[in-house]
Amino acid sequence: MAGVVTTTLPLRLVVAVLLAFLATTASASAPAKSNMSSSSSCRRLFSFGDSLIDTGNFIHYSKAPGSVSRSPYGETFFGRPTGRWSDGRLIVDFIVERLGFPYWPAYLQAKSRATKGDFRYGANFAVASGTALNQLLFRKKHLNVDQITPYSLGIQIGWFKKVLAAIASTDEQRREIMESSLFLVGEIGANDYNHPFFQNRTLGFVRPLVPRVIRSIALSVEALIKLGARNIYVPGIFPMGCVPRYLYFYRGGEPGDYDSAGCLRWLNGLTADNNRMLKGRLRELGRAHPGVSITYVDYYNEVLSLITNPAVNGVGDGLHACCGGGGPYNANLTLHCSDPWVVPCPDPAKYVSWDGLHMTEAMYKIMARGMLDGPFAKPSIMSKYNHS
């Protein structure tokens, strides 16, 4: 019997060691399960916001979409108007390209045929003229709401919940979708200030809206977290004081009203206050939800750097609209891009502003790159995901 024990024991040990080695090797080579806050594959992108990233919601529901439905909108890339408020692609288009997705549908374009296939790569809920605060608040403040979409950020979050219910029938499916998706919340908030300002309201009227805007954005981010989101990017507002339409609207000010770049100092101050409060609130949310990656995207400094040093990125004009109605900053408020007699500039890529309020495809490409590769989002999107 001693001989049997001596013969079989080493064999069992060899088998055990071999199995342990194989198990260790397999676990080391297999991708680890994660909550998507570390490097992995992004399977869907869901975005919320306004005309900076609206790829067709406004043009789909509006009975009078106006200039965005006519040439030269879309001319640079698509060769026709698509509902994008630019000469070509928007920030989200460059993001989905980099992630390897097709151009996914705007929600209102897809919902009539809402199947799982329509939202295979996510959906875009952003709507032009969209606000963080709801339309009713502006009505109560005696603003004309004809140009304010009812589809505010809260409504857009509600749309997402409907999509999630349609594509995920079980808790496990919902968890997988939420953890493997990227969420872009914004830019949102600029229109909450645009609408009052362009209706001749004062800075004293607008400034108290800032904390309410930040609270609305934070509530929407929290709603996504409660549903299981793990990767959320939240852009701040670009420098509104450098927007040609504002420069035209408030033209003729005192020299002290402008900074060294020629932008409205007081309006950029409001924008900076908004972004400072947003960053602070996002930090609080990050501390409250340590398993979730919440990243602030610095549109303000990214755009300002292009306006103050345009030649660095091949931009020739930072303060004039490419496609406008003439006058100071080529931003006459009575004529708009695509109106008769309005001729766009020969090379939109040399401009920051497309139509006096929205930006050119070239500008959006630079902004998207700052989010995808840094340095205006830390961590950058591509540092998280294994896409070429």
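Remember, predicted model here, so these are calculated numbers, not experimental data.
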### Message
Between Met367 and Phe376, does the side-chain contact (heavy atoms from CB on, under 4.5 Å) criterion hold? Intermediate values first, please.
### Response
CA-CA 8 Å; Met367 294 172 71; Phe376 295 102; over 6 Å; no
The ring-ring contact (aromatic ring centres under 6.0 Å, His included) partner of Phe160 among Tyr107, Phe119, Phe183 is Phe183
Q. Would you say the ring centroid of Tyr246 lies under 6.0 angstrom from that of Trp266?
A. no
>> Treating Ser62 as the side-chain partner and Ala64 as the backbone partner, does any N or O pair qualify as donor plus acceptor under 3.5 Å?
In response: yes
Exercise. Report yes or no: does Asn134 contribute a side-chain atom to a donor-acceptor pair with the main-chain N or O of Leu137 at less than 3.5 Å?
Key: yes
Please output the side-chain donor-acceptor pairs of residues 213-228 that fall under 3.5 Å, not counting sequence neighbours, one pair per line with the distance.
residue: Ser216; atom: OG; partner: Ala132; partner atom: O; Å: 2.6
residue: Ser220; atom: OG; partner: Ser216; partner atom: O; Å: 3.2

Is any side-chain heavy atom of Pro328 closer than 4.5 Å to one of Leu247? no
Set out, in order, the CA-CA distance, both residues' side-chain angles and the distance that settles side-chain contact (heavy atoms from CB on, under 4.5 Å) for Ile95 and Leu372, then state yes or no. CA-CA 7 Å; Ile95 293 175; Leu372 287 162; 4.3 Å; yes
Donor-acceptor pair, Arg245 side chain versus Asp355 backbone, under 3.5 Å?
yes
Rounding to 0.5 Å, atoms NZ (Lys365) and CD (Glu97) come to a distance of 8.5 Å
Value for CZ (Phe125) from CG (Leu184), rounded to nearest 0.5 Å, stands at 12.0 Å
Rounding to 0.5 Å, atoms CG (Asp192) and CG (Asn274) come to a distance of 9.0 Å
Could you check whether any side-chain heavy atom of Val243 comes within less than 4.5 Å of a side-chain heavy atom of Phe238, counting everything from C-beta outward? yes
In short, side chain to side chain donor-acceptor pair (under 3.5 Å) pairs touching residues 319-329 with sequence neighbours left out are Asp317-His320
Pairs of donor and acceptor atoms involving the side chains of residues 202-210, under 3.5 Å and at least two apart or interchain, shall be tabulated with distances.
residue: Thr202; atom: OG1; partner: Gly204; partner atom: N; Å: 3.4
residue: Thr202; atom: OG1; partner: Phe205; partner atom: N; Å: 3.2
residue: Arg207; atom: NH1; partner: Asp273; partner atom: OD2; Å: 2.7

inquiry  = Could you walk me through whether Phe198 and Phe249 satisfy the ring-ring contact (aromatic ring centres under 6.0 Å, His included) test, starting with their C-alpha distance in whole Å, then the side-chain angles of each, then the deciding distance to 0.1 Å, before giving a yes or no?
reply    = CA-CA 8 Å; Phe198 288 130; Phe249 192 71; 5.2 Å; yes
Trp104 side chain to Tyr121 main-chain N or O, any donor-acceptor pair under 3.5 Å? yes
Side chains of Glu187 and Asp50 in contact at under 4.5 Å (non-hydrogen atoms)
yes
- Item | Carboxylate-amine/guanidinium proximity below 4.0 Å for Asp339 and Arg70 | yes
Residue set satisfying side chain to side chain donor-acceptor pair (under 3.5 Å) with Glu172, at least two apart, ordered chain then number -> Arg175
ask   = Asn332 side chain to Gly326 main-chain N or O, any donor-acceptor pair under 3.5 Å?
value = no
Note to self: Please tell me whether Cys323 and Cys345 are bridged, where bridged means their SG atoms are separated by under 2.5 Å.
What the structure shows: no
For residues 144-165, the side chain to side chain donor-acceptor pair (under 3.5 Å) pairs (sequence neighbours left out) are Tyr61-Thr149
Show, in sequence, the C-alpha distance, side-chain angles and deciding distance for Glu361 and Arg84, and conclude whether the salt bridge (Lys or Arg N to Asp or Glu O under 4.0 Å) test is met. CA-CA 10 Å; Glu361 178 189 88; Arg84 290 164 172 83; over 6 Å; no
Inset, instruction - Check the side chains of Asp257 and Tyr250 for a donor-acceptor pair under 3.5 angstrom, ignoring hydrogens and angles. - result: no
Margin query: Measuring only between side-chain heavy atoms, which start at C-beta, is Ile167 closer than 4.5 Å to Arg44?
Written below: yes
| field | side-chain contact (heavy atoms from CB on, under 4.5 Å) evaluation trace for Phe48 with Ile188 | value | CA-CA 8 Å; Phe48 312 83; Ile188 191 76; over 6 Å; no
- Message: Does Arg212, at its CZ atom, have more than 12 non-hydrogen atoms belonging to other residues, nucleotides or ligands within less than 6.0 Å?
- Response: no
*For Lys350, does the NZ atom sit with more than 12 other heavy atoms under 6.0 Å from it, leaving out its own atoms?*
no
Open item on the list: Check for me, please, whether Leu306 and Tyr351 land in the same ILVMFWY cluster - side-chain distances under 4.5 Å, paths through other members count.
Closed with: no
Cation-pi geometry met for Arg251 and Tyr248 (6.0 Å, 45°):
yes
Sorted by chain and number, sequence neighbours left out, side chain to side chain donor-acceptor pair (under 3.5 Å) with Asn309 holds for none
Whether the side chain of Asn191 engages the backbone of Gly130 through a donor-acceptor N/O pair (distance < 3.5 Å, no angle test) should be reported. yes
Count I, L, V, M, F, W, Y as connected when their side-chain heavy atoms are under 4.5 Å apart, and connections chain through other members. Are Tyr193 and Tyr300 then in the same cluster? no
For the pair Thr76 (side chain) and Gly88 (backbone), establish whether a donor and an acceptor sit closer than 3.5 Å, ignoring hydrogens and angles. no
How about Pro72 and Ser338: do any of their side-chain heavy atoms sit closer than 4.5 Å? yes
Taken to the nearest 0.5 Å, the spacing of Phe58 CZ from Ser51 OG works out to 9.5 Å
Test Thr131 against Gln135 for side chain to side chain donor-acceptor pair (under 3.5 Å), laying out the working first. CA-CA 8 Å; Thr131 52; Gln135 189 191 66; over 6 Å; no
Donor-acceptor side-chain pairing of Glu75 and Ser71 below 3.5 angstrom:
no
inquiry  = Under a 3.5 Å cutoff, is there a donor and acceptor pairing between the side chains of Tyr299 and Asn275?
reply    = no
> Between Thr360 and Asp87, do the side chains contain an N or O donor and an N or O acceptor separated by less than 3.5 Å?
Replying inline: no
For this session: Please step through side-chain contact (heavy atoms from CB on, under 4.5 Å) for the pair Val303 and Met359, ending with a clear verdict.
Result: CA-CA 10 Å; Val303 174; Met359 301 179 200; 4.2 Å; yes
Value for CD (Glu284) from NZ (Lys279), rounded to nearest 0.5 Å, stands at 14.0 Å
Any side-chain heavy-atom pair from Ile381 and Tyr233 closer than 4.5 angstrom? yes
Ser353 versus Met363: any side-chain heavy-atom pair under 4.5 Å? no
Asn57 side-chain N/O to Ala126 backbone N/O, donor-acceptor pair under 3.5 Å: yes
